[in-house]
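Predicted model, so just to flag it, every value in this text is computed and none were measured. Atom set for the values below is all heavy atoms of this structure, side chains included, hydrogens, waters and symmetry mates excluded.
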2 protein chains.
Amino acid sequence: MNKSEKFDEELRELARYAKVISHPARLAIIKYLANTRTCISGDISDSLPLGRSTVSQHLKELRDAGLIHGEIDGLKINYCLCSGGIEKFMALFSGFFEPVKTNGFDCEISHP
Amino acid sequence: MNKSEKFDEELRELARYAKVISHPARLAIIKYLANTRTCISGDISDSLPLGRSTVSQHLKELRDAGLIHGEIDGLKINYCLCSGGIEKFMALFSGFFEPVKTNGFDCEISHP
DNA sequence: TTTTAATGTCGCAAAAATACGACATTATTT
DNA sequence: AAATAATGTCGTATTTTTGCGACATTAAAA
């Protein structure tokens, strides 16, 4: 029932990135890493209202998207943001929306 | 089981916008409207690999997010992009990621 | 006024995402 | 070598998303 293969790769790629940041927990992780520069996984789940294994899964999604990276340090893992992945995402986002923005209209009210 | 109320409103709002654009069909609709400036719902579903009622639901999500607007014109509905909504989203996005970008590291390879 | 046309909405089925406990893995410590 | 500690992974229940056909609504046409 998944018809998303029918769409352009450009759209699918941007949609994939968007999905990654479409959960507040993953945004919170990104924000946390931006503030602490680098940290371990345990630290992160302590600061979130979620269980450790759940946070671990969110970390995996961020990793798979190339937005973060985990460096093994003994028993712990130091996570950090990947500027490359983030810049790619931002470029993709801007590349799509900058042209779009100029074609909008004024329409605050009314929802048919 | 939904714990997303536990997160900051800033994160939840950005996550909501991200979710709206996290499907290629909705991105395709945005792109289509940006190209044609204004058009009717039928035109849109003709150019997508989805049924009409499905497209109608995607349109509703874009409307609810304030990204598009539909003006009733007799039996048809002219859809257009709302620059306001799009700019708000872009501002939110940049406001979150611009600061984040400067705190990233170089990490292309390796996924623990 | 009946018919036709263009959309929206509802209800359901299938799929995907989310959350978490239990277990697996790996590296220190003792 | 055994115990401990930090993390990842699996199984699974719950929720959310997706897609579509059937029906509802509204406006133009005949």
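In this structure, A:Asp46 places its CG atom 10 Å from P of D:dA6, rounding to the nearest Å. The separation between A:Ile40 atom CD1 and D:dA6 atom P is 7 Å, rounded to whole Å. Between the P atom of C:dT7 and the CG atom of B:Leu48 lies a distance of 13 Å, rounded to the nearest Å. Here D:dG8 presents its P atom at 12 Å from CG of A:Leu62, a figure rounded to the nearest Å. Rounded to whole angstrom, the span from the NE2 atom of B:His69 across to the P atom of C:dG8 amounts to 12 Å. Atom-to-atom, CD of B:Gln57 to P of D:dT17 comes out at 12 Å; the value is rounded to the nearest Å. If you measure from atom CG of A:Asp64 to atom C1' of D:dG8, you get 13 Å, rounded to the nearest angstrom. Regarding A:Lys76, its NZ atom lies at a distance of 13 Å from the C1' atom of D:dT4, rounded to whole Å.
Within 4.0 Å (heavy atoms only), B:Ser56 reaches at least one base atom of the nucleic acid. Within the nucleic acid shown, A:Ser41 comes within 4.0 Å of sugar-phosphate atoms alone, with no base atom in reach, counting heavy atoms only.
DNA chain C is contacted by both A:Glu61 and A:Asp73; A:Glu61 maps to the nucleotide lying nearer its 5′ end (nearest heavy atom per residue). The nearest heavy atom of DNA chain C to A:Leu75 and to B:Leu75 marks one nucleotide each, and the one closer to the 5' end goes with B:Leu75. The residue among A:Lys19 and A:Lys60 whose nearest nucleotide of DNA chain D lies closer to the 5′ end is A:Lys60.
Ring centroids of A:Phe93 and A:Tyr17 are separated by 6.0 Å or more, keeping the two rings apart. Checked against the 6.0 Å centroid criterion, the rings of B:Phe89 and A:Phe97 qualify as a close aromatic pair.
Phosphate proximity of D:dG19 to B:His58: present, with a side-chain N or O under 4.0 Å from OP1 or OP2. Listed pair A:Tyr79 / D:dA6 fails the phosphate criterion, with no side-chain N or O lying under 4.0 Å from OP1 or OP2. B:Thr54 has a side-chain polar atom (N or O) that falls below the 4.0 Å cut-off from OP1 or OP2 of D:dC20.
Side-chain atoms of B:Arg63 and base atoms of C:dG8 include no donor and acceptor less than 3.5 Å apart. A:Arg52 contributes a side-chain N or O that forms a donor-acceptor pair with the base of D:dG8 under 3.5 Å.
In the hydrophobic cluster analysis, where Ile, Leu, Val, Met, Phe, Trp and Tyr join through side-chain heavy atoms closer than 4.5 angstrom, B:Ile40 is grouped apart from B:Leu50.
For A:Ser53, counting side-chain heavy atoms from C-beta on, the closest listed nucleotide (D:dG19, C:dC20, C:dT7) is C:dC20.
Relative ring orientation between A:Phe7 and B:His23 is described as perpendicular, the plane-to-plane angle rising above 60° on a 0-90° scale split at 30° and 60°.
A:Arg26 and A:Lys19 get closest at one heavy-atom pair: NH2-O, 3.2 Å.
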